[in-house]
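Worksheet for the structure shown next.
Computed from a predicted model, the values in this text were never measured in an experiment.
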Amino acid sequence: MVDRLANSEANTRRINIVENCFGAAGQPLTIPGRVLIGEGVLTKLCRKKPKARQFFLFNDILVYGNIVIQKKKYNKQHIIPLENVTIDSIKDEGDLRNGWLIKTPTKSFAVYAATATEKSEWMNHINKCVTDLLSKSGKTPSNEHAAVWVPDSEATVCMRCQKAKFTPVNRRHHCRKCGFVVCGPCSEKRFLLPSQSSKPVRICDFCYDLLSAGDMATCQPARSDSYSQSLKSPLNDVSDDDDDDDSSD
């Protein structure tokens with residue numbers, strides 16, 4: 001089915017429409033063999049609060065962006081190669097339902113669909129695209145993935161020292177290795193994580209000690225399958241790191 005659509009005029013028109021919606025700031029999406037599988041609005045769990053994002057699933061990439069005018073204009077385009085993607089279902093909890101994790105070596109985050117059926121369709125299509133890509137390339141699935149950041153609202157105190165309370169002065173930071181929300185004194189060190197950045201990035205003291213000792217296995221990303229607090233509690237915006245997407249999230 002995908003192979004038949006690859007060079008069809010209808011597929012080319014659909015991809016051109018997506019390109020036009022992102023405008024000149026977006027990357028070109030039309031390449032030989034690329035097929036637009038589906039699209040829709042998903043709720044992305046951003047650092048500060050859940051936000052609606054427009055997602056487009058192609059047979060080789062996942063594209064998403066901010067909604068400016070629905071079906072007409074999007075910005076802040078993000079492109080994720082599907083070869084590096086793994087997904088895990090998230091159990092329903094509170095107001096956050098029908099979710100799953102999208103994990104890659106450079107970025108990982110949670111998204112939520114409007115219904116269980118929609119979630120199932122998204123996950124099935126993503127898995128099918130990833131399986132087909134890996135089958136064609138002969139590559140193995142990626143075992144490395146970036147931590148899913150714990151939302152700011154889930155931590156009123158540092159998740160490492162368990163003492164420092166967050167205030168407008170004592171701001172929140174995120175460890176790029178485990179995803180914990182930590183205070184400044186607990187995350188003063190930097191470490192090079194090549195899959196995430198060409199420069200050393202902020203990590204907590206706990207992960208720094210493990211990484212410096214070569215203990216990569218122990219320093220695992222935080223489990224992030226519980227996000228109900230991000231919808232239930234008001235957020236005091238006292239963070240100084242950019243969101244996992246961009247400064248607007």
Side-chain angles (χ1 to χ4, degrees), residues 1-47 50-90 98-137 141-142 145-146 148 243-249:
M1 179 65 174
V2 171
D3 291 336
R4 292 202 303 270
L5 289 172
N7 299 310
S8 72
E9 290 184 8
N11 178 63
T12 301
R13 285 197 302 270
R14 293 176 69 202
I15 296 178
N16 285 338
I17 290 172
V18 176
E19 285 185 339
N20 292 335
C21 286
F22 278 104
Q27 295 294 314
L29 298 173
T30 303
I31 64 170
R34 177 167 290 164
V35 175
L36 177 57
I37 305 297
E39 62 182 271
V41 177
L42 298 174
T43 297
K44 180 178 180 292
L45 192 65
C46 299
R47 171 180 179 173
K51 295 184 178 181
R53 294 288 183 257
Q54 183 73 28
F55 280 77
F56 300 92
L57 177 63
F58 296 82
N59 59 329
D60 62 334
I61 58 174
L62 182 66
V63 178
Y64 69 93
N66 295 6
I67 302 170
V68 180
I69 303 174
Q70 182 63 46
K71 296 188 180 297
K72 291 185 177 181
K73 186 176 181 181
Y74 311 109
N75 64 13
K76 300 188 183 300
Q77 182 191 73
H78 297 267
I79 300 176
I80 301 174
L82 286 179
E83 256 187 357
N84 301 323
V85 168
T86 57
I87 59 176
D88 289 327
S89 181
I90 302 173
N98 311 315
W100 67 97
L101 297 178
I102 296 174
K103 303 187 296 185
T104 79
T106 57
K107 173 189 298 232
S108 301
F109 53 90
V111 293
Y112 296 85
T115 67
T117 299
E118 187 179 342
K119 169 187 175 177
S120 177
E121 290 177 349
W122 271 101
M123 292 190 71
N124 288 339
H125 284 307
I126 292 173
N127 276 327
K128 177 69 162 57
C129 290
V130 172
T131 299
D132 288 348
L133 278 174
L134 293 176
S135 176
K136 290 178 180 178
S137 67
S142 175
H145 63 83
V148 180
D243 192 340
D244 52 349
D245 267 337
D246 48 64
S247 59
S248 68
D249 276 356

Specify the closest pair of heavy atoms between [X] and [Y], including all atoms of both residues, with the distance to one decimal.
X: Y112; Y: I90; answer: OH-CD1, 3.9 Å
X: I69; Y: Y74; answer: O-CE2, 4.4 Å
X: A146; Y: S108; answer: O-OG, 2.6 Å
X: T30; Y: E19; answer: N-OE2, 2.8 Å
X: P50; Y: L45; answer: CG-CD1, 3.5 Å
X: F58; Y: L82; answer: O-CD1, 3.3 Å

Would you check if [X] and [Y] make a side-chain contact, meaning some heavy-atom pair closer than 4.5 Å?
X: V111; Y: W122; result: no
X: I87; Y: V130; result: no
X: H145; Y: L101; result: no
X: D88; Y: K103; result: yes

Has the side chain of [X] got a donor or acceptor atom that lies under 3.5 Å from a matching backbone atom of [Y]?
X: R34; Y: L29; answer: yes
X: Q54; Y: I67; answer: no
X: K119; Y: G99; answer: yes
X: Q77; Y: Q27; answer: yes
X: N11; Y: L36; answer: yes

Once you round to the nearest 0.5 Å, how far does [atom1] of [X] lie from [atom2] of [Y]?
X: K128; Y: L57; atom1: NZ; atom2: CG; answer: 11.5 Å
X: K71; Y: C21; atom1: NZ; atom2: SG; answer: 9.0 Å
X: R13; Y: N20; atom1: CZ; atom2: CG; answer: 13.5 Å
X: I102; Y: L42; atom1: CD1; atom2: CG; answer: 7.0 Å

#### Entry: Electrostatic pair K136:D132 at N-O distance under 4.0 angstrom
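The answer is no: the pair does not qualify as a salt bridge.
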
inquiry  = Is the ring pair Y64/H78 parallel, tilted or perpendicular, if the boundaries are 30 and 60 degrees?
reply    =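 Answer is parallel, since the angle falls under 30°.
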
